[in-house]
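These notes are about the structure you will find just below.
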Amino acid sequence: MVDTHCHLIDPQFMKDLDGVLQRAQEAGVSKIINAGYDTETSGQAILMARKHPWLLPAVGIHPNEAADQSIKEMNKIGEMLENDEIVAVGETGLDYYRDFSPREAQKELFRLHIALAKGRSLPVLIHTRNSLEDAIAILQDEDCHHGVFHCYSGSYEQAKKVIDMGFYISFAGVLTFSRRVRDMIKQLPLDRLLLETDAPFLSPAGHRGKRNEPSFIIETLHVAANVLNMLPERLEEILDKNSRLLFAFEK
Ligand SMILES: [Zn+2]
């Protein structure tokens, strides 16, 4: 099972990373997309992959960090992309919910990520919050069709639109407690679906309010399989194939 979006570089994992990784492997997690959210954590994700090759790094600056300074730092992200082990550009996108940073700066930063991803034919890890339509417009404008909308929270109609554009849609533990999300996955094409933890954030039901970790993805898999009326093993096979196609890694 692949956890397609996680932040093992978050300080919340500093103390017991070895235990977290061991529990993930014991639960059946074979690969984790480990996404940086600024230049420092992106660099850490690359270093972590050298020690643990199954933690696939993604580099980017989160929209909540968007500011003039971040735009200047994008050349560092560009330099990091010289490392062949990087499987995606992100986490990037637009966040109008928290609104920590000016929207114009977020948009510019998002476009810079897209350009880097296109230049290296890498997928983009897209974060949106109250900003899906603007994100879609920018991706269309940049002629970008390769990536994943992580922790998807839009409507079914919008999901159809981004799938038609070529994107994948990923759901986190939210689906274990959101009926709306569960109803939506029944209608989406299975070959565009992914699951993730977004750990240390967004714990699934049963762990809410506590730190999330990659081993918990198995619970989300079981809920999704139940909703889709499939054996978890069969769904896992499909999802892993989707992950492999998107992030272009060997088995
Ligand atoms: Zn994230």
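Whatever order the structure lists ligands and atoms in, that order sets their numbers, starting from 1.
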Axial cation check for Phe249 ring with Arg244, 6.0 Å and 45° limits: no
Name of the His7 atom (N/O/S only) found closest to the Zn ion (ligand 1): NE2
Side chain to side chain donor-acceptor pair (under 3.5 Å) contacts touching residues 224-233 (sequence neighbours left out): none
Name of the Glu91 atom (N/O/S only) found closest to the Zn ion (ligand 1): OE1
Within 45° cone of Phe177 ring axis and under 6.0 Å: Arg208 NZ or CZ: yes
N, O or S from His62 under 2.8 Å to the Zn ion (ligand 1): no
Of the N, O or S atoms in Asp198, the one nearest the Zn ion (ligand 1): OD1
Greater than 12 external heavy atoms within 6.0 Å of Arg179's CZ: no
